[in-house]
Amino acid sequence: MDNIKNAHSKEKTPVSPSTDMAGAGVIAVKVDDLTVAYNYKPVLWDIDLEIPEGVLMAIVGPNGAGKSTLIKAILGILKPIAGSVTIYGKPYHKQRSHVAYVPQKGSVDWDFPTVALDVVMMGTYGSLGWIKRPGVKEKKAALEALEKVGMLPFKDRQISQLSGGQQQRIFLARALVQDASIYFMDEPFQGVDATTEIAIINILKELRKAGKTVVVVHHDLQTVPEYFDWVTFLNVKKIATGPVKDIFNDDNLTKTYGINYKVSVQK
Amino acid sequence: MSNAQFEIQLIASLVAIACAIPGTFLVLRKMAMISDAISHSILPGLVVGFFITQDLNSPLLILLAALTGVITVILVERIQKTGLVKEDTAIGLVFPALFSIGVIMIAKNANDVHLDVDAVLLGELAFAPFDRLTIGGTDIGPKSLWVIGIILLTTIALLIAFFKELKVSTFDAGLSASLGFSPVVIHYGLMTMASITTVGAFDAVGAILVVALMIAPAACAYLLTTDLKKMLGLAIFFGVFGAISGYWVAHWLDASIAGSIATMLGVVFFLVYLFAPSKGLIAVMYREKRQRIEVLLLTFLLHLKNHSEVEERHVNHLNEHINWQKVKSKTVLDLALKNNMILINNKIVSLTEKGDEFTSQAIDYIITNEDAQIEDMKKHFFLFRG
């Protein structure tokens, strides 16, 4: 992960989409016949999905399409009514140490009495297990992660005193400190400033270069070809999944969003 | 101070500490009302336990009553999950029902049960020293002291062991679940402990005061710190302070100890609410006033920056040009002078170098909305604090 240290650059020109393809057929995440329901109403219906190792993948779809639900079901936070999920061929609860999760920023109470460094330290709790407390090693890892996202000067700042973009970087640092193989991020670009968005996407691209798999719930269709190399269209059912250059087209967008969609997609 | 007086204060203090610890997490989880529900609905469990054991301090009675507390939490969650009513409605449905069952049970068996509703609501702390625990003929102190002491030690041991898990699941349940710390297990663990503490404290301080001891100290602490450990420490401090000062107020007024403790906690919270350094009412009002003036200051500086003409910058004409009243203009001028942002020469106002730089920075910030630039300004001006 050392090569992502300089990822936080203020360079405004976005990096062009990587042309190197996903790893040689290794499947990082496999979802089979997954159905999830809230109060007996299915929000995800019979999803089959394979996420190859080493891709930077966007999950796109309209509001209520079940994007966050898909991530939560993969991570075992929600219990599906049918189907199964494997991470590198094994169930999630056996592979926790390989997976990092960045929830939506709005899902937590930022008035919680704690500081930035402490939130990042929470990323180390998984490897510690129950009861054991974080020590010097964990603190060092957390400081390094803060450095990577350019938030080291804010380590002792109360989290409610951080801007939306800074809070998102703290969440990203917390995922980085887990040093996982697969990263799931729920709308990391929501409510952040342009600088933070570029900083985050650069870090994600560095993660991909380091061979990690990154899955991002994403809203801004315009930036999909620029940021990602893999995409999944989702609207309760899976519409399509594959390389952005092959499947990110008006046909799939129309199928997903239900209206006659015309975005001019630069390839 | 007699031995009995000392014992009452010791029991009250231990109860306060035992309540402040789960109370802190209940407040942070926005579940303060659930402690109210638990404290009332354990009554039927308490009565049934008393029928069986004939002893208010028996461990079996405490466990039975605590079980009713956990059942309350489950019932509230079940009702809430139907989506038909909100959480507060569900709480309002569950605990009066359970509490009234307890009241009827007491009334129906009034002759056999040495329990009355007054004691349940307000406790009998004053009588606690008379119910002694003896082992082999030796008096080893009041029973309630032992009960609450054991509960407190358990609470502290659990807090130390699971502090990290409690913190992460309270702050971010999603992350906690993905890391393998089941928020459901931690939630019910906390609820069980809160129920046991409530029952243990119930006998000493009654149903109403238990709620006051769980919520008020934690709420005070929440207004004073941004560190979870310090919040726990402060909550404990306020709880013990309320317990001891309440005892002496009761002594002085010859009134109910439980009522006086709850009143003191209310008074303490009111004072903290007014005077807390950053979140208190006065601090907030002061800050808002400062912010208003600072916005005016910036408006004024922008005016100076935009107008090089002398007539636009004459002290006496400022009122007309920016359309402010005299008092307002004077406040703003004074603030600008105090910060060395303007010079007044022959009644003509001009920006100093510092004022000019500040204005440029501020404009830059307003246009780009970039956080990095503002960090320096934040240190000096309330105006730009998030």
Side-chain angles (χ1 to χ4, degrees), chain A residues 10 38-39 68 71-72 74-78 92-93 96-97 99-104 107-115 118-119 121-134 150 153-154 156-166 171 174-175 178 184 186 193-196, chain B residues 24-25 27-30 81-84 157-158 160-186 189 218 221-235 278-279 368-375 378 384-386:
Chain A
K10 291 213 168 179
Y38 287 127
N39 294 325
S68 302
I71 288 189
K72 285 180 185 162
I74 291 174
L75 296 173
I77 298 170
L78 290 174
Y92 173 73
H93 65 90
R96 277 200 184 100
S97 60
V99 180
Y101 170 47
V102 179
Q104 276 185 30
S107 67
V108 306
D109 175 11
W110 290 94
D111 285 326
F112 191 85
T114 191
V115 295
D118 200 39
V119 172
M121 297 265 279
M122 288 179 191
T124 66
Y125 288 5
S127 61
L128 288 168
W130 289 85
I131 298 180
K132 216 175 149 208
R133 288 150 169 267
F154 300 90
D156 297 319
R157 183 74 65 93
Q158 215 281 307
I159 52 173
S160 65
Q161 303 291 316
L162 298 169
S163 73
Q166 291 171 332
F171 261 19
R174 191 178 69 178
Q178 287 181 252
F184 290 96
D186 204 343
D193 52 286
T195 321
T196 299
Chain B
T24 298
F25 289 100
V27 166
L28 288 176
R29 287 164 171 250
K30 303 177 177 62
K81 253 198 192 138
T82 61
L84 298 173
L158 288 171
I160 290 171
F162 299 110
F163 182 72
K164 152 176 130 266
E165 290 78 5
L166 277 164
K167 181 163 70 179
V168 68
S169 74
T170 303
F171 174 62
D172 190 341
L175 178 80
S176 180
S178 79
L179 293 178
F181 306 114
S182 163
V184 180
V185 170
I186 297 164
Y222 182 71
L223 294 182
L224 288 172
T225 181
T226 54
D227 177 322
L228 180 55
K229 282 181 186 159
K230 282 185 194 146
M231 183 175 165
L232 279 161
L234 280 168
S278 71
K279 292 183 191 164
T368 59
N369 214 4
E370 268 187 31
D371 301 311
Q373 304 189 4
I374 212 67
E375 286 310 316
K378 269 184 179 171
F384 297 103
R385 282 193 191 161

Checklist entry - chain B heavy atoms under 4.5 Å from Val119(A): which part of the residue, side chain, backbone, both or neither? => result side chain

Checklist entry - What part of Ile159(A) is in contact with chain B, defined as an atom under 4.5 angstrom from a non-hydrogen atom: side chain, backbone, both or neither? => result side chain

Checklist entry - With Tyr125(A), which of Lys164(B), Glu165(B), Lys167(B) fulfils side chain to side chain donor-acceptor pair (under 3.5 Å)? => result Lys167(B)

Item to check | Greatest number of heavy atom pairs closer than 4.5 Å to chain A - which of Gly174(B), Gly180(B), Ser178(B), Gly83(B) | outcome: Ser178(B)

Checklist entry - Checking Phe171(A) against chain B: side chain, backbone, both or neither under 4.5 Å from a heavy atom? => result side chain

Checklist entry - Which bit of Leu224(B) is near chain A, if near means a heavy-atom gap under 4.5 Å: side chain, backbone, both or neither? => result neither

Next on the checklist: Which atoms of Phe184(A) are under 4.5 Å from chain B, going by heavy atoms: the side chain, the backbone, both sets, or neither?
Outcome noted: neither

Item to check | Part of Ser182(B) within contact of chain A (heavy atom distance under 4.5 Å) | outcome: backbone

Checklist entry - Could you give the distance from CG (Asp172(B)) to CG (Asp109(A)), rounded to the nearest 0.5 Å? => result 11.0 Å

Item to check | Under 3.5 Å donor-acceptor, Arg133(A) side chain and Ile160(B) backbone | outcome: yes

Checklist entry - Relative to each other, are the rings of Phe112(A) and Phe171(B) parallel, tilted or perpendicular (30° and 60° limits)? => result tilted

Item to check | Among the listed options Asp227(B), Val168(B), Leu228(B), Leu175(B), the residue most often paired with chain A at heavy-atom distances under 4.5 Å | outcome: Leu175(B)

Item to check | Winner by heavy-atom pair count (cut-off under 4.5 Å) against chain B, out of Gly76(A), Pro153(A), Ser97(A), Pro103(A) | outcome: Pro103(A)

Item to check | Between CE on residue Met122(A) and CZ on residue Phe181(B), distance to nearest 0.5 Å | outcome: 11.0 Å

Checklist entry - What part of Asp118(A) lies closer than 4.5 angstrom to a heavy atom of chain B: side chain, backbone, both or neither? => result side chain

Checklist entry - Which pair of non-hydrogen atoms, one from Pro113(A) and one from Leu28(B), has the smallest distance, and what is that distance? => result CD-CD2, 3.4 Å

Checklist entry - So which of Ala100(A), Gly123(A), Gly129(A), Ser107(A) has the biggest tally of heavy-atom pairs under 4.5 Å with chain B? => result Gly129(A)

Next on the checklist: With chain B as the partner, which of Asp111(A), Leu162(A), Asp186(A) has the greatest number of non-hydrogen pairs under 4.5 Å?
Outcome noted: Asp111(A)

Next on the checklist: Heavy-atom pairs under 4.5 Å with chain B - which of Gln158(A), Arg174(A), Met121(A), Lys72(A) has more of them than the others?
Outcome noted: Arg174(A)

Checklist entry - Between Thr114(A), Val102(A), Val108(A), which shows the greatest number of heavy-atom pairs under 4.5 Å with chain B? => result Val108(A)

Checklist entry - Ignoring hydrogens and geometry, is there a side-chain-to-backbone donor-acceptor pair from Tyr101(A) to Ala177(B) under 3.5 Å? => result no

